[in-house]
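This is a predicted model, so every value here is computed, not measured. Throughout, numbering of the chain's residues begins at 1 and tracks the sequence.
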Amino acid sequence: LASFRRENPAKPEHATDTSVVLRGTDKFPSFDKDGKKHPRDVVLKLMKHKTQFDNEIGQRQGLDHEFILKVIYTSTDDGLASKWVSELPPAYRGFEFGIVMPAAERNLMDVLLKERVGLALAKTMFASFAHALGHLHEQGLIQGDFKPSNAVRMPDGTWILIDMDAAVRIGEPIGVKVLCKTSATS
């Protein structure tokens, strides 16, 4: 699965009541269908509820990874499902569902607070976001949680969107995560 930072493996990059994001190093980097090697630096988005996981995965179907962060593998993939929970740091073993994705360099909020953003860079960033949101809309989706922490800069300098668990089809109610629309048993 992944090894975690030695200095503090239990410190999340982001956490809510229903999900947590951990940064790690892929123990077994592999190649995708295009022969491109997966990155060793990864993030794991761990989720407590299957409905949240299903929406995160389902809303990514058919989307272009030029605009939306790709999933390398999930907790339900063959060979991983049986050992997913046991490989997690003990504090996170209650999160039965998860996805592994390439690690971003920084999110937009960090860039705006910690870097000098000139006009040329600002135009590039916001054009990237407009194209990404346009791509979602062409696919009949609304991102549902677009904010500076859900727009990230990848190591190659490209800007893409993350966090699809609040995404909805155009015309569906927006602003309520999928988890809230389901029973407590999910």
Side-chain angles (χ1 to χ4, degrees), residues 1-2 4 11-24 26 38-39 41-77 84 88 92 94-114 125-182 186:
L1 182 62
F4 300 93
K11 183 181 179 201
E13 297 282 314
H14 176 76
T16 67
D17 291 341
T18 60
S19 66
V20 64
V21 176
L22 302 175
R23 185 175 287 267
D26 192 347
H38 290 296
D41 292 328
V42 295
V43 291
L44 287 78
K45 181 175 182 180
L46 310 174
M47 294 161 268
K48 287 185 177 179
H49 304 282
K50 186 168 182 352
T51 51
Q52 183 182 12
F53 171 79
D54 289 344
N55 201 56
E56 181 81 42
I57 297 299
Q59 299 296 21
R60 292 170 181 270
Q61 298 297 319
L63 297 179
D64 189 330
H65 301 302
E66 177 183 349
F67 305 113
I68 308 300
L69 188 62
K70 77 182 212 170
V71 172
I72 300 171
Y73 42 80
T74 76
S75 58
T76 59
D77 288 350
W84 176 264
L88 294 176
Y92 300 108
F95 294 86
E96 295 180 46
F97 307 98
I99 57 177
V100 178
M101 301 171 287
E105 193 174 81
R106 252 189 174 158
N107 69 37
L108 177 59
M109 181 63 79
D110 284 343
V111 169
L112 294 174
L113 292 173
K114 299 173 183 172
M125 291 185 320
F126 292 107
S128 296
F129 306 145
H131 289 304
L133 292 170
H135 172 66
L136 287 173
H137 297 172
E138 288 168 3
Q139 304 300 314
L141 292 171
I142 295 174
Q143 201 272 350
D145 195 19
F146 182 64
K147 59 189 178 187
S149 59
N150 286 340
V152 297
R153 181 176 63 204
M154 299 307 292
D156 67 0
T158 59
W159 288 90
I160 59 178
L161 302 180
I162 61 171
D163 198 5
M164 296 298 293
D165 67 342
V168 296
R169 301 239 48 58
I170 292 174
E172 290 182 3
I174 190 169
V176 179
K177 287 214 177 197
V178 164
L179 181 64
C180 299
K181 300 179 205 172
T182 62
S186 294

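Qualifying side-chain contact (heavy atoms from CB on, under 4.5 Å) partners for P155, counting only residues two or more places apart in sequence or in other chains: none. The side-chain contact (heavy atoms from CB on, under 4.5 Å) test applied to D54 returns K50, not counting sequence neighbours. Applying the side-chain hydrogen bond (donor to acceptor under 3.5 Å, both in side chains) rule to T74 yields the partners T76, D77; only residues at least two apart in sequence or on another chain are considered. Evaluation of the side-chain hydrogen bond (donor to acceptor under 3.5 Å, both in side chains) rule for D156 yields T158 as partners, not counting sequence neighbours. Considering only residues two or more places apart in sequence or on other chains, F129 meets the ring-ring contact (aromatic ring centres under 6.0 Å, His included) condition with F126, W159. I68 meets the side-chain contact (heavy atoms from CB on, under 4.5 Å) test with R60, L63, L136, L161, M164; sequence neighbours excluded.
Ion pairing between K45 and D163 holds under the 4.0 Å rule for side-chain N and carboxylate O.
Between D145 and A166, the shortest heavy-atom distance links the atoms CB-CB, 4.0 Å. When all heavy atoms are compared, the tightest approach of V43 to P102 is CG2-O, 4.0 Å. Taking both residues in full, the closest heavy atoms of V168 and P173 are given as CG1-O, 3.5 Å, listed atom of the first, atom of the second, then distance. Here the closest non-hydrogen pair linking A167 and N55 is O-ND2, 3.2 Å. Closest of all the heavy-atom pairs between H135 and F67 is CG-CD1, 3.4 Å. Residues G144 and I174 come closest through the heavy atom pair CA-CD1, 3.9 Å.
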CA sep, side-chain torsions, deciding dist, call: Q52, S19, side chain to side chain contact (heavy atoms under 4.5 Å, CB included):
CA-CA 9 Å; Q52 183 182 12; S19 66; 3.7 Å; yes
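Taken from CG in L141 to CZ in R169, the straight-line distance is 4.5 Å, to the nearest 0.5 Å. Considering CZ of F95 and CG of L88, their distance stands at 9.5 Å, rounded to 0.5 Å. With rounding to the nearest 0.5 angstrom, the CE atom of M109 is 10.5 Å from the NZ atom of K114. Separation of atoms CD (E13) and CG (N107) is listed at 9.5 Å; rounding is to 0.5 Å. Atoms CG and OG, on L44 and S75 in that order, are 10.0 Å from each other to the nearest 0.5 Å. Rounding to the nearest 0.5 Å gives a distance of 15.0 Å between CD1 of I160 and NE2 of H131.
No donor-acceptor pair under 3.5 Å is formed between the side chain of Q59 and the backbone N or O of I142.
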